[in-house]
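These notes concern the structure reproduced below.
For ligands, and for the atoms within them, numbers begin at 1 and follow the listed sequence.
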Amino acid sequence: MTLPKQVRLVEMSPRDGLQNEPGSLIATDIKTELINRLAHCGLSHIESASFVSPKWVPQMADAAEVMASIQRQPGVRYAALTPNMKGFENALAAGVDEVAVFAAASESFSLKNINCSIADSLRRFQPVMEAAQEHNIPVRGYVSTVLGCPYEGDIAPQQVAYVASELANMGCHEISLGDTIGTGTPLKAKRMLEAVNTQVPTERLAAHFHDTYGQAIANLFAVLEEGIGVIDASVAGLGGCPYARGASGNVATEDVLYLLEGLGIHTGVNLEPLIATGEWISQQLERPNGSKAGQALAVPSGAANGQEV
Ligand code: HMG
Ligand code: MG
């Protein structure tokens with residue numbers, strides 16, 4: 001078994017974590033404080049916002065204000081989703097360091113999520129890729145529903161490989177493979193990765209696993225064994241996808257970090273302030289902390305509340 005010596009964690013909570021939060025709109029200053037706290041934990045890549053239609057995803061409507069209010073730390077990459085040119089132009093004006101386009105391996109999910117077919121989505125990304133290149137902005141690509149679709153069920157690994165290779169060929173520096181509804185299991189994850197690897201090298205892939213069925217940590221271990229070195233995660237396990245009913249949050253960053261520390265894998269992220277951040281945001285949102293490690297290691301009630309960053 002060969003495991004990577006180090007892993008880059010890509011923090012999802014300000015975007016994937018908050019985009020689906022039910023109830024009233026989350027205040028901009030809570031979002032910016034979350035991002036600032038995450039940067040202080042040592043996270044070097046934070047997906048901070050989403051420049052999508054506010055009618056589709058109201059919680060991300062203040063993306064520009066969020067980007068304008070964060071205290072930028074050197075060495076931290078503040079990224080955002082941009083599904084089309086309008087999103088890219090707004091993200092550029094807001095000063096994001098990296099943008100991401102997002103496609104799906106399932107036609108039905110593509111239609112529900114971004115209102116177009118897979119082929120149309122790839123065509124729509126082309127001008128975004130060109131504009132990003134012109135402005136020297138790296139582009140990440142997502143493939144959703146890589147281990148199952150809420151509308152179509154099982155997805156053929158070859159279909160995932162096809163969409164991943166299209167994104168890689170159009171210039172995405174990294175392809176993040178999303179188990180959007182968390183139905184994957186370790187062997188399925190390995191088989192999917194094997195298929196993708198025939199088209200895109202492991203060094204350009206990231207694992208983006210939601211934890212709906214409690215399989216995300218097992219699935220991550222499985223793909224770490226295959227050499228995956230980039231993992232997307234969300235503090236306190238926040239989140240879900242508005243277009244995938246029942247999908248819960250990303251795997252919790254605290255749980256992933258606890259796993260990686262146990263395996264002796266370096267990340268540059270500090271567990272203690274991360275636990276405090278997970279507690280803090282859970283209290284702000286008045287929801288239980290979705291991280292097992294977070295629950296086990298949290299300081300007794302209230303103490304995380306007044307923590308300065
Ligand atoms: P559409 O309705 O087909 O687009 O939406 P349109 O071009 O016809 O425009 C319709 C209206 O939206 C117009 O406004 C546009 O100006 C506006 P109106 O004239 O009606 O007032 N509009 C925009 N406004 C702001 N920013 C924009 C933008 N684009 C159009 N960028 C669109 C197409 C893609 C925009 C829409 O479907 C959308 O915004 N979808 C959001 C999907 C989304 O954010 N999903 C969640 C993120 S993906 C995810 O969570 C999965 C992931 O985590 C991986 C995984 O877990 O699998 C990444
Ligand atoms: Mg996601």
Side-chain angles (χ1 to χ4, degrees), residues 10-21 47-64 67 79-94 96 98-106 108-118 120-125 127-128 131 139-151 155 160 163-164 167 172 174-184 189 192 205-212 216 219 231-234 237-253:
V10 183
E11 177 60 32
M12 289 288 131
S13 56
R15 194 282 299 172
D16 207 344
L18 299 183
Q19 69 183 8
N20 197 34
E21 196 59 27
E47 200 164 81
S48 305
S50 189
F51 290 86
V52 295
S53 162
K55 284 183 199 146
W56 285 63
V57 186
Q59 287 290 14
M60 294 288 111
D62 59 350
M67 290 307 301
L81 293 190
T82 56
N84 53 18
M85 274 310 286
K86 180 164 185 160
F88 178 79
E89 277 154 15
N90 291 340
L92 185 68
V96 305
E98 175 174 306
V99 297
V101 293
F102 46 107
S106 135
S108 317
F109 186 79
S110 184
L111 282 171
K112 296 273 187 202
N113 193 37
I114 50 175
N115 206 23
C116 63
S117 68
I118 297 169
D120 283 345
S121 75
L122 297 173
R123 270 192 288 277
R124 222 182 248 182
F125 300 154
V128 175
V139 185
R140 194 172 207 234
Y142 285 96
V143 187
S144 284
T145 61
V146 301
L147 294 172
C149 167
Y151 313 104
I155 295 294
V160 182
V163 180
L167 291 173
C172 293
E174 184 168 283
I175 313 297
S176 178
L177 301 167
D179 183 10
T180 317
I181 54 169
T183 48
M192 180 276 295
L205 298 173
H208 177 107
F209 294 163
H210 285 256
D211 200 27
T212 319
N219 294 343
I231 294 176
D232 297 0
S234 178
L238 291 180
C241 177
Y243 301 102
R245 216 158 66 85
S248 75
N250 292 103
V251 63
T253 316

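- Atoms of ligand 1 lying under 4.0 Å from any heavy atom of Phe51, numbered from 1 in the order shown and given with element: 26 (N), 27 (C), 31 (N).
- Note that CE of Met192 and CG of Leu147 are 4.5 Å apart. Values are rounded to the nearest 0.5 Å.
- Close contacts of ligand 1 with Ser144, meaning ligand atoms under 4.0 Å from a residue heavy atom, involve 51 (C), 54 (C), 55 (C), 57 (O).
- For atom 15 (C) of ligand 1, the nearest non-hydrogen atom from the set His210, Met12, Met85, Lys86 comes from Lys86.
- The Asn115 neighbourhood of ligand 1 comprises atoms 1 (P), 2 (O), 3 (O), with distances under 4.0 Å to a heavy atom of that residue.
- Side-chain contact between Ser48 and Met67 is present, with heavy atoms from C-beta onward closer than 4.5 Å.
- Only the side chain of Asp16 comes within 4.0 Å of ligand 1, judged by heavy-atom distances.
- Every atom of ligand 1 with a heavy atom of Pro83 under 4.0 Å away is listed here by number and element: 34 (C).
- One option in Lys55, His208, Arg15 has a heavy atom closer to atom 58 (C) of ligand 1 than any other, and that option is Arg15.
- At a 4.0 Å heavy-atom cut-off, ligand 1 touches Thr180 through backbone and side chain alike.
- Note on ligand 1: Pro54 sits in its first shell, one or more heavy atoms being nearer than 4.0 Å.
- Between Cys172 and Val101, the closest heavy-atom pair is SG-CG2, 3.9 Å.
- Taking a cut-off of under 4.0 Å to the non-hydrogen atoms of Gly87, the atoms of ligand 1 that pass are 31 (N).
- Annotation: cation-pi pair Arg15/Tyr142 present, NZ/CZ under 6.0 Å from the ring centroid and within 45° of its normal.
- Inclusion of Asp16 in the first shell of the Mg ion (ligand 2) is supported: an N, O or S atom falls under 2.8 Å.
- We find the CZ-OG1 distance between Phe102 and Thr82 to be 8.0 Å, quoted to the nearest 0.5 Å.
- Ligand 1 places these atoms under 4.0 Å from at least one heavy atom of Leu81: 47 (C).
- Taking any N or O of Tyr142, backbone or side chain, none lies under 3.5 Å from an N or O belonging to ligand 1.
- The closest side-chain heavy-atom distance from Leu205 to Glu174 is not below 4.5 Å.
- Looking at Ser53 next to ligand 1, an N or O pair under 3.5 Å apart turns up.
- Note: Leu18 CG to Ser50 OG = 11.0 Å, rounded to the nearest 0.5 Å.
- Distance check: Lys112 NZ to Thr145 OG1 gives 13.5 Å after rounding to the nearest 0.5 Å.
- Applying the 4.0 Å criterion to heavy atoms of Asn84 picks out, from ligand 1, the atoms 27 (C), 28 (C), 29 (N), 30 (C), 31 (N), 35 (C).
- Using a 4.5 Å heavy-atom threshold, the side chains of Val139 and Phe125 count as separate.
- Side-chain contact between Asp16 and His208 is present, with at least one heavy-atom pair separated by less than 4.5 Å.
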